[in-house]
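Values below: all heavy atoms of this structure, side chains included; hydrogens, waters and symmetry mates excluded.
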Number of protein chains: 2
Amino acid sequence: MSRWKPDARGRLEKAALELYNHQGFDATTVAEIATRAGLTERTFYRHFTDKREVLFPGDSPLADTLANATATAPVPLPPLEVIAHALTEAAPVLEERADLARQRQTVIAANPELQERELAKLAALASTLARTLRERGLETTTAALAAEIGIATFKVAFERWINDPDRHTLAQHIRETLDTARHLTAPAEHVAATDDVSFTGHEGVA
Amino acid sequence: MSRWKPDARGRLEKAALELYNHQGFDATTVAEIATRAGLTERTFYRHFTDKREVLFPGDSPLADTLANATATAPVPLPPLEVIAHALTEAAPVLEERADLARQRQTVIAANPELQERELAKLAALASTLARTLRERGLETTTAALAAEIGIATFKVAFERWINDPDRHTLAQHIRETLDTARHLTAPAEHVAATDDVSFTGHEGVA
DNA sequence: TACGGTGATGTCATTAACTGTCATCACGGC
DNA sequence: GCCGTGATGACAGTTAATGACATCACCGTA
């Protein structure tokens, strides 16, 4: 038999998620996680730089899919539509692991430190997206802005999805949020006509 | 004479910024900061929850200005224009403290933990903005997205400003970045004509 | 078959970020 | 002149994070 039980990293991730869920992030100790995974605290730190990092898979299929879809979108497409394409392709990746996603999100929502880390991850994603857009020929500022708006759209859509009592698809929420984004950034001429009607945006899950 | 030297908090902020600048964030100890400010480590933690928080003033004139300007913008205005109005009003607040801002940004740029905290602060700002927009009558998703887009615009404009060798105004960069945002959805026609030319967005400091 | 290198893990020690608790003592009101 | 209050100091304790060294199954190779 082999010297060590396999998939130490996976065991640590599992143990951490469970403990964070049961006792909260603050109340659980790295040593605890390690012990539950049959390992040592020191070994935990060989797999994750952080007590937080254990919730954020280094191998992120979401990031890969997004980057790929962005790179391969048809070229003569306005930036926001490239983003739309990428987000739409990426949605199923999360749908597959819906309950894991919800569980993670519950833990994260309960702790500011974890929220910070999540924001950092999303920012890194935006950064990657921006680079890809530049490689597609977009000017720096345009690329950065489009990427940020893409991530913003994702954030909003994701949150709607997680809290949606009707359990609509993430893809569905992304479509709708993108639509809102399209109208927000649309040239102002459209609105000049509406004088007494305040702008209320676009509503509802179709 | 009074028992304690005045403005303990201010002294701590100053000492911290100096030390973070000279030796880096990681290499400076809270005890060091406190000593340089003529205080105790324990007292540092009575003024700031964190070693990082000392760089992020609780009393943020930027946040106040943004929220105010958002609340008081003329009502029949499309969301993005409300944001434009708010950002434009807020710009001078930072211009006044340009070198402090640059100094802070240098420190933050050198440390991931500080970048995380900054993202958290911006996210909080977005959250406030969104609430204000909702109070103006915007639907939840529209408000959230508009707020995120506003903050994204600010981030991009701010970064351009900090790194601008020509030292143009922050307000100027905000105007241009907003313009880029307005054109992100550029209808396909714009691009359809250009067949071999990739979409390059909008350029340059006018 | 023996042997040496490798990689994942364990053990131990250390630093410093944070927190709880109690003591101090000028200041201001009464 | 006494008393509560608030900002600070003193001290002890927890634990996150890191560096240094030891262990030892496994694997290729002579």
Side-chain angles (χ1 to χ4, degrees), chain A residues 1-20 22-59 107-108 110-118 120, chain B residues 1-20 22-59 107-108 110-118 120:
Chain A
M1 68 179 197
S2 65
R3 184 172 186 185
W4 298 289
K5 290 197 295 181
D7 195 22
R9 187 186 179 92
R11 269 150 52 214
L12 285 168
E13 286 174 358
K14 185 161 172 290
L17 184 56
E18 288 165 0
L19 289 173
Y20 291 170
H22 293 336
Q23 348 175 334
F25 176 80
D26 283 331
T28 105
T29 270
V30 174
E32 250 179 304
I33 300 171
T35 302
R36 169 181 270 244
L39 292 167
T40 302
E41 184 179 353
R42 193 64 184 88
T43 297
F44 176 96
Y45 285 108
R46 290 204 181 89
H47 287 277
F48 307 97
T49 66
D50 239 33
K51 191 185 169 188
R52 307 174 204 134
E53 198 69 12
V54 68
L55 281 181
F56 302 87
D59 151 49
V107 174
I108 292 175
N111 192 286
E113 300 178 49
L114 293 174
Q115 292 167 40
E116 286 195 4
R117 179 57 52 87
E118 175 154 85
Chain B
M1 67 178 197
S2 65
R3 185 172 186 185
W4 299 289
K5 289 197 296 181
D7 195 23
R9 188 186 178 92
R11 269 152 49 214
L12 285 168
E13 285 174 359
K14 186 162 171 288
L17 185 56
E18 288 165 358
L19 289 173
Y20 291 171
H22 293 337
Q23 349 176 328
F25 177 81
D26 283 331
T28 104
T29 271
V30 173
E32 251 179 302
I33 300 171
T35 303
R36 170 182 269 246
L39 292 166
T40 301
E41 183 178 352
R42 193 66 186 86
T43 298
F44 176 96
Y45 285 108
R46 289 203 181 90
H47 287 277
F48 307 98
T49 65
D50 238 34
K51 191 186 168 186
R52 309 176 208 149
E53 197 69 12
V54 67
L55 281 181
F56 302 87
D59 150 49
V107 174
I108 293 175
N111 193 285
E113 300 178 50
L114 292 173
Q115 293 166 38
E116 285 194 6
R117 179 57 51 85
E118 175 155 84

- Item | Stems where DNA chain D pairs, listed by first number, each of three or more Watson-Crick or G-U pairs under 3.5 Å | C:1-30 with D:1-30
Can you give each donor-acceptor pair under 3.5 Å made by side-chain atoms of residues 27-40 of chain A, sequence neighbours left out, with the distance rounded to 0.1 Å?
unit_1: A:E32; atom_1: OE1; unit_2: A:T29; atom_2: N; d: 2.9
unit_1: A:E32; atom_1: OE2; unit_2: A:Q23; atom_2: NE2; d: 3.2
unit_1: A:T35; atom_1: OG1; unit_2: A:A31; atom_2: O; d: 2.8
unit_1: A:R36; atom_1: NH1; unit_2: A:E18; atom_2: OE1; d: 2.3

- Task: Provide, to the nearest angstrom, the distance between the CG atom belonging to B:D26 and the P atom belonging to D:dG19.
- Result: 11 Å
- What nucleotide, of C:dA17, D:dT8, D:dG6, holds the atom closest to the side chain of B:R3? D:dG6
- Task: Using heavy atoms and a sub-4.0 Å distance, could you list which residues of residues 4-11 of chain A are near DNA chain C? By number, please.
- Result: A:W4, A:A8
- Message: Measure CZ/B:F44 against C1'/D:dG9 and give the value in whole Å, please.
- Response: 17 Å
- Query: Taking only residues two or more places apart in sequence or in another chain, which ones pass ring pair (Phe, Tyr, Trp, His ring centres under 6.0 Å) with A:F25?
  - Reply: A:Y20
- For atom CG of A:L19 and atom P of D:dT15, their distance in whole Å: 14 Å
Please write out the pairs of protein N or O atoms and N or O atoms of nucleotides 10-14 of chain D separated by less than 3.5 Å, giving the distance to one decimal.
none

- Message: With salt bridge (charged side-chain N to carboxylate O under 4.0 Å, His left out) as the rule and sequence neighbours excluded, what pairs involving residues 49-59 of chain A come up?
- Response: A:D50-A:R52, A:D50-A:R117, A:R52-A:E113, A:R52-B:E116, A:E53-A:R117, A:E53-A:K121
- Atom-pair distance (NZ on B:K51; P on C:dT19), nearest Å: 15 Å
- Item | Residues forming a ring pair (Phe, Tyr, Trp, His ring centres under 6.0 Å) with A:F48, sequence neighbours excluded | A:F44
- Message: So, using side-chain contact (heavy atoms from CB on, under 4.5 Å) as the criterion, who are the partners of A:E118 when residues are at least two apart?
- Response: A:F56, A:R104, A:Q105, A:I108, A:L122
- A:Y45 vs D:dT18: side-chain N/O to OP1/OP2 distance below 4.0 Å: no
- Message: With a 4.0 Å limit, can you tell me whether A:H47 has a side-chain N or O closer than that to the phosphate oxygens OP1/OP2 of C:dA8?
- Response: no
- Whole-Å distance, A:D50 CG to C:dA17 P, equals 15 Å
- Query: What is the distance, rounded to the nearest whole Å, between atom CD of A:E41 and atom P of D:dA17?
  - Reply: 9 Å
- Item | Euclidean distance, A:D7 CG relative to A:L12 CG, rounded to 0.5 Å | 9.0 Å
